[in-house]
Each structure stands twice: as structure tokens, then as C-alpha cells.
Amino acid sequence: MWIVPEAAINGLLDHDDAFTAIEAVFGAMARDDAYNFPVVREALGGGRQYGFKSGLDRAGGQLGVKAGGYFPGNADKGMINHQSTVFLFDPDTGVLQAAVGGNLLTALRTAAASAVSIAHLARKDAKVLGMIGAGHQSAFQMRAAVRQRRFEKVVGWNYHPEMLPRLADTAAELGLPFEAVSLEELGAQADVIVSITSSEAASLMDAHVRPGTHIACMGTDTKGKQELEPAILTRAAVFTDEVAQAVSIGECQHAVAQGLLTDAAITAIGAVINGAHPGRTSDDQITVFDGTGVGLQDIAVAARAVDLAREKGLAQEVAL
Ligand code: NAD
């Protein structure tokens, strides 16, 4: 089997590699060539969360699992709080093929998912990118998003204003002007909004969102989290990575619970990728992508990481 350590991931996989892997696996999911297994998630006490996200990608020839979670005491020990590892198995024999550090991969695959949604759903003439959230994931999200349209400016809002320098610094790195704004101003200016917070109450309200906006809602990956006022979802065409996750742990959970949205009104983005759904149908339409984060995303980028690491001599081979 191959080991690709966490330290080898940095610089191995770029945003384009991740985009290609995620677009392909979303397409495979919508053709029923790939499916995710039920997610296991356990609270271990003391704020610790541990779980498994797994699936089979018949089209890509991958079977795997991401094991990991959130360990709030890690920061005091000099480690990051989110820890994960992806294990890949031969889908025909079940033999373990690779163990891959999953921390940076998680950020890359999550950013790739919203980038795929922007590529397929945002207006072609989108010029202003709005960022809600300035935590760890936000920089990855911005870097992946700006590759999809000719953005001329980034506007940002964060619940904790002291974190806004992360957005300003990332925009500067990308050569784009940045302006910290109110949510009202963000909605008025942005053509594309990426929301990536751990909030448990809506930040972006229906009144903030103007026609034609694309919203990639990426922070809500657990029951109880929320970023958007549910009324936005009734006005918008709603897309997701996986409908079952969107209605249970994704942003759609709230609109569905309030009877404002049905499963049938939510489209897997893979259908758009495959050409089976038109996606955006007018410049005035609001589109929302509810990115909940599925195991097949982790498996897809981990498989690509193994290929690249082997090519570059960065993978270690061990006998199990
Ligand atoms: P982080 O802890 O580094 O940052 C948290 C962000 O949420 C900050 O911007 C913070 O200001 C904001 N926030 C906290 N409380 C808020 C509130 N009450 N109202 C509005 N904003 C608030 O976290 P991160 O690593 O950047 O992750 C952000 C979110 O993305 C988390 O919820 C995480 O679970 C989720 N996530 C989703 C996926 C996916 O695939 N969809 C993948 C990875 C992470």
C-alpha cells in the first residue's frame, strides 16, 4: 500500500486538479455510477466529534473512507483541530491501497465543490465575488472561486470582524481589490456569494439577495447549522452535491423542515454537469448550491493525490 503523508499534500494538488476530480465524481453520482454510504458521526464528549464518510465510485474505480473529526483541544498542543485521513481500497478485492493525509485535501475538495458550482451556475458576466466567513476554509474558497469568472473585486463580511484580514490578504495575493462591507452592501454588489461559516443562525437574508446572484452555501454540514434565510431557497433554483445530505444536514434542512422546499425541488449538480439539467435558465434567476461535503469528494481528491505523489516520488510504499 501507499502512504501519502499530510506534509506531502501541500503543493502536490492544485485547485485545477481538485476541480477536475470533484466535477467528475459529482457527474458520476448523478449517473448512479457512484454513491455515498451512510455517514457515521459520533460525539465523543468534551466537544470532540468523530466520524466516517465513505463511498464507492464505480466510474473512477475507487472505494474508500475518510475517518476523522474535530478535536478542540488540539490547538493547545500545536495541532489543528480538524484531523482526518483518507483510506482507499481496491473495489474488487477490498485490499487497502493507500492512506492519505486528509486535512489539506478537505479544504481543497470543499473549495473545488463551490468552484464547480460557480463554473456551472453563475452568470458568465459575474464581476464581484462576495465572501461571508473568514475562517480557515475561506482563503481556499476564494482562491478556487476566482478561477471560474473574471472577478474584478472581492467584498467580504464576517461575524468576527477581527478575522477580516484573512480575506483582505487572500484577495491581495490574488491581485484583487478587497472591501469589507455590511451584509446589505455585500448582497447589493456581489454577483457570486460564497458563504463558509459555522453559524447556527442565518446571516444572509432574503432582502440582501438581488436577482441573478449565485450563492455557494458551504458552511452548513451538520444538523443545526444555518447560513441563509430559508426564504432565499424558495426564490432560488436549488442545487446540491447530494439531495439526501442537503435535506438532513445541509442548508436545505431548514427550508424543508418549514415546508418551504421539497426534496423534488432540489437538483444534484451532477445532472447539470452531465447535461441532463439546464442549470441556470435566465440572468435574473437566483441559484443556490448547497455544498454539504460527501465522502466521494474525499476519495476523488485522495486518489488523485496518490497518483501525483507516486509520479513525483513522494508516496511511501509499505507492506501491510
Ligand atoms: P473556522 O472555525 O476557521 O471559521 C468559522 C467561521 O464562522 C468564521 O468566519 C467565524 O467568524 C464564523 N462564525 C462563527 N460563528 C458565527 C455566527 N454566529 N454567525 C456568523 N458567522 C459565524 O471554520 P472553517 O474551517 O473555516 O469552517 C467553516 C465552516 O465550514 C464550518 O461550519 C465547517 O464545518 C464547514 N465545512 C464544510 C465543509 C463542506 O464540505 N461543506 C467542509 C469543511 C468545512
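Note that this is a predicted model, so its numbers are computed, not measured. Order of listing sets the numbers, starting from 1, for every ligand and every atom in it.
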Atom indices of ligand 1, in the order listed, that fall short of 4.0 Å to a heavy atom of Ala134: 9 (O)
Give the residue, atom name and distance (to 0.1 Å) of the protein heavy atom nearest [atom].
{"atom": "atom 36 (N) of ligand 1", "result": "Asp221 OD2, 3.4 Å"}
{"atom": "atom 19 (N) of ligand 1", "result": "Ser199 OG, 3.2 Å"}
{"atom": "atom 29 (C) of ligand 1", "result": "Thr197 O, 3.4 Å"}
{"atom": "atom 3 (O) of ligand 1", "result": "His136 N, 2.8 Å"}
{"atom": "atom 25 (O) of ligand 1", "result": "Gln137 CG, 3.3 Å"}
{"atom": "atom 7 (O) of ligand 1", "result": "Ser198 N, 3.1 Å"}
{"atom": "atom 15 (N) of ligand 1", "result": "His160 CE1, 3.8 Å"}

Do any nitrogen or oxygen atoms of Arg109 come within less than 3.5 Å of a nitrogen or oxygen of ligand 1? yes
Are Val288 and Thr240 side-chain neighbours, meaning at least one heavy-atom pair lies under 4.5 Å? no
Would a 4.5 Å heavy-atom cut-off, applied to side chains only, mark Leu204 and Glu227 as touching?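 No, every pair of side-chain atoms sits at 4.5 Å or beyond.
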Carboxylate-amine/guanidinium proximity below 4.0 Å for Lys53 and Asp298: no
Salt bridge check, Glu173 against Arg143: does any charged N sit closer than 4.0 Å to a carboxylate O? yes
More than 12 foreign heavy atoms under 6.0 Å from CD of Glu184: is that the case here? yes
Nearest neighbour of atom 16 (C) of ligand 1 from the list Phe140, Trp157, Tyr159, Tyr70, on a heavy-atom basis: Tyr159
Is Val95 isolated, or which residues cluster with it under the ILVMFWY side-chain rule of less than 4.5 Å, directly or via members? none
For residues Phe239 and His277, establish whether the separation of their ring centroids is below 6.0 Å.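 Judged by ring-centre distance (under 6.0 Å), Phe239 and His277 do meet the cut-off.
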